[in-house]
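Single-structure report; data block below.
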Amino acid sequence: MAIPTWCHDGIGFELMRLARSEPHVQLHRQILAAWLRDNAVATGDDDSCDLSEALQKSFSTDKLVLLPRKTARRLRPFVGALQGWLHAGNFDQSDPVAMAWLCTAHTIPLGPGNLIEMVPVPAETGEDGPNQPFLISKTVITKRQWHGYLGRSLNSKQNPNHPARVVSERKVLDFCNMITVRGGMVVRVPTEKEWQHACWTTNKNYRDRLESSRLELEKHAWTRTNTPQLPDAIENRNFHSKFIMPEVCTKRPNPWGIFDMCGLVSQWQFNSYRNELVHESATSITINTPKGHMHLHDAPGSRGIRLVVFPEYPIQ
């Protein structure tokens, strides 16, 4: 299905470009939302109106505002707005107009058709949390992205949407340094506090739901209990290799549109007290069941990578 005609409009395209050239100026995004509203009135385009309303709502909330399903289907399989920026699920990267409109403002290019989408995370109020807003990768780094960095091609047996795992600390640092130098922004793995803030968001009900219901948890996380296993898993001595690894973005995102924070793979984090990288199980969740409390190590896979960016501090 072709994307809406307003995506090809020169004025709208220029307004969108201006908004991305100064990503911290909300006025540009508000002007873009107003243009979409006026365009909807002039042309009767419901998609343009729906997108304008979602952008306007997203300015006043830290929750992901989803577009109506019929509109999202014409743009991408999953489209929403968070703090005035568009965010979406997997999509056909061969359409340059769709990519220009619907990639987030801070998309890190690794090569043709090989992008890392970043999601904005607001600052946390209080002394213990991050006191600056930052961007975090929408999901863990995939094999497509990792092999693009290594300059290798995937073979026919490798799924490009599987998470890159069993990644060494040295290669993680090299990966971050490469993107930092190329993009002019400070790129690294998140600290433990940043990771926790991005995982649980400021929506307390979200964490309560996951910790009180296994059914709700498994809507958001691939865990050691719901990840498919190989038939000979009992005889396999390598614990991590017994799982059939799922693709990224196959479970529901958290309220800020970040996928795979719970489960799938453990993730590298920076321990500021020890001044070193550590790979923690994505998080350990205790859930309540009819038989009592269950302590669940949620990540069935081994080490993966998630990136954070602080765009306020470009490299001089």
Side-chain angles (χ1 to χ4, degrees), residues 20 23-24 85 87 103-124 129-154 158 160-199 248-249 256-262 264-283 299 301-316:
R20 298 215 173 142
H24 304 295
W85 290 117
H87 300 278
C103 286
T104 61
H106 296 282
T107 300
I108 300 175
L110 296 176
N114 194 0
L115 310 169
I116 302 175
E117 290 190 68
M118 308 298 289
V119 175
V121 175
E124 184 177 13
N131 57 13
Q132 293 288 337
F134 58 92
L135 298 151
I136 193 167
S137 53
K138 189 176 72 172
T139 189
V140 291
I141 298 302
T142 64
K143 285 189 176 180
R144 180 203 305 274
Q145 294 161 343
W146 183 249
H147 279 66
Y149 149 68
L150 294 175
R152 300 174 184 170
S153 299
L154 292 167
Q158 293 176 305
N161 294 320
H162 279 166
R165 52 188 182 135
V166 195
V167 178
S168 69
E169 178 179 354
R170 180 185 62 80
K171 289 186 177 180
V172 170
L173 293 173
D174 288 346
F175 184 57
C176 293
N177 290 337
M178 179 272 292
I179 300 175
T180 293
V181 172
R182 181 184 297 177
M185 298 290 179
V186 178
V187 179
R188 56 173 173 78
V189 299
T191 66
E192 293 168 308
K193 289 181 179 180
E194 290 164 354
W195 191 96
Q196 290 287 340
H197 177 49
C199 176
V248 301
C249 296
W256 286 345
I258 309 171
F259 289 81
D260 306 316
M261 290 298 282
C262 299
L264 194 65
V265 290
S266 64
Q267 298 170 34
W268 283 104
Q269 300 169 31
F270 181 74
N271 186 305
S272 55
Y273 296 104
R274 291 156 53 183
N275 195 32
E276 63 181 5
L277 295 186
V278 295
H279 56 92
E280 304 289 348
S281 178
T283 188
S302 51
R303 292 164 290 185
I305 318 168
R306 192 180 294 271
L307 302 179
V308 295
V309 178
F310 285 80
E312 294 87 350
Y313 303 106
I315 297 175
Q316 300 298 322

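Side chains included, hydrogens not; waters and symmetry mates left out as well; all remaining heavy atoms used.
Taking each heavy atom of R144 and N161 in turn, the nearest pair found is NH2-OD1, 4.0 Å. Nearest heavy atoms, F175 versus I141: CE2-CG1, 3.9 Å. The two residues P163 and V265 have their closest heavy-atom pair at CG-CG1, 3.9 Å. Shortest non-hydrogen contact noted between W195 and P190 is CD1-CG, 3.9 Å. The heavy-atom pair separating R188 from C176 by the smallest distance is CA-SG, 3.7 Å.
At least one side-chain heavy atom of E169 sits under 4.5 Å from a side-chain heavy atom of L173. Taking 4.5 Å as the limit, every side-chain heavy atom of Q269 sits out of range of all side-chain heavy atoms of V189. Considering only heavy atoms from C-beta on, I258 comes within 4.5 Å of V121 through its side chain. Taking 4.5 Å as the limit, every side-chain heavy atom of I136 sits out of range of all side-chain heavy atoms of W256. Side chains of V309 and I179 form no contact here, defined as non-hydrogen atoms less than 4.5 Å apart.
The closest donor-acceptor contact from the side chain of S137 to the backbone of R306 lies at 3.5 Å or more, if one exists at all. No donor-acceptor pair closer than 3.5 Å links the side chain of T191 to the backbone N or O of F270.
One distance of note links CE of M118 with CZ of F134; it measures 9.5 Å at 0.5 Å rounding. Separating the CZ atom in R152 from the CD atom in Q158 is a distance of 9.5 Å, to the nearest 0.5 Å. The distance from the NE2 atom of H162 to the CG atom of L264 is 9.0 Å, given to the nearest 0.5 Å.
Checking V248, I305, L307 one by one against V140, the side chain to side chain contact (heavy atoms under 4.5 Å, CB included) holds for a single residue, V248.
Residues forming a side-chain hydrogen bond (donor to acceptor under 3.5 Å, both in side chains) with T142 (at least two apart in sequence, or on another chain): Q145.
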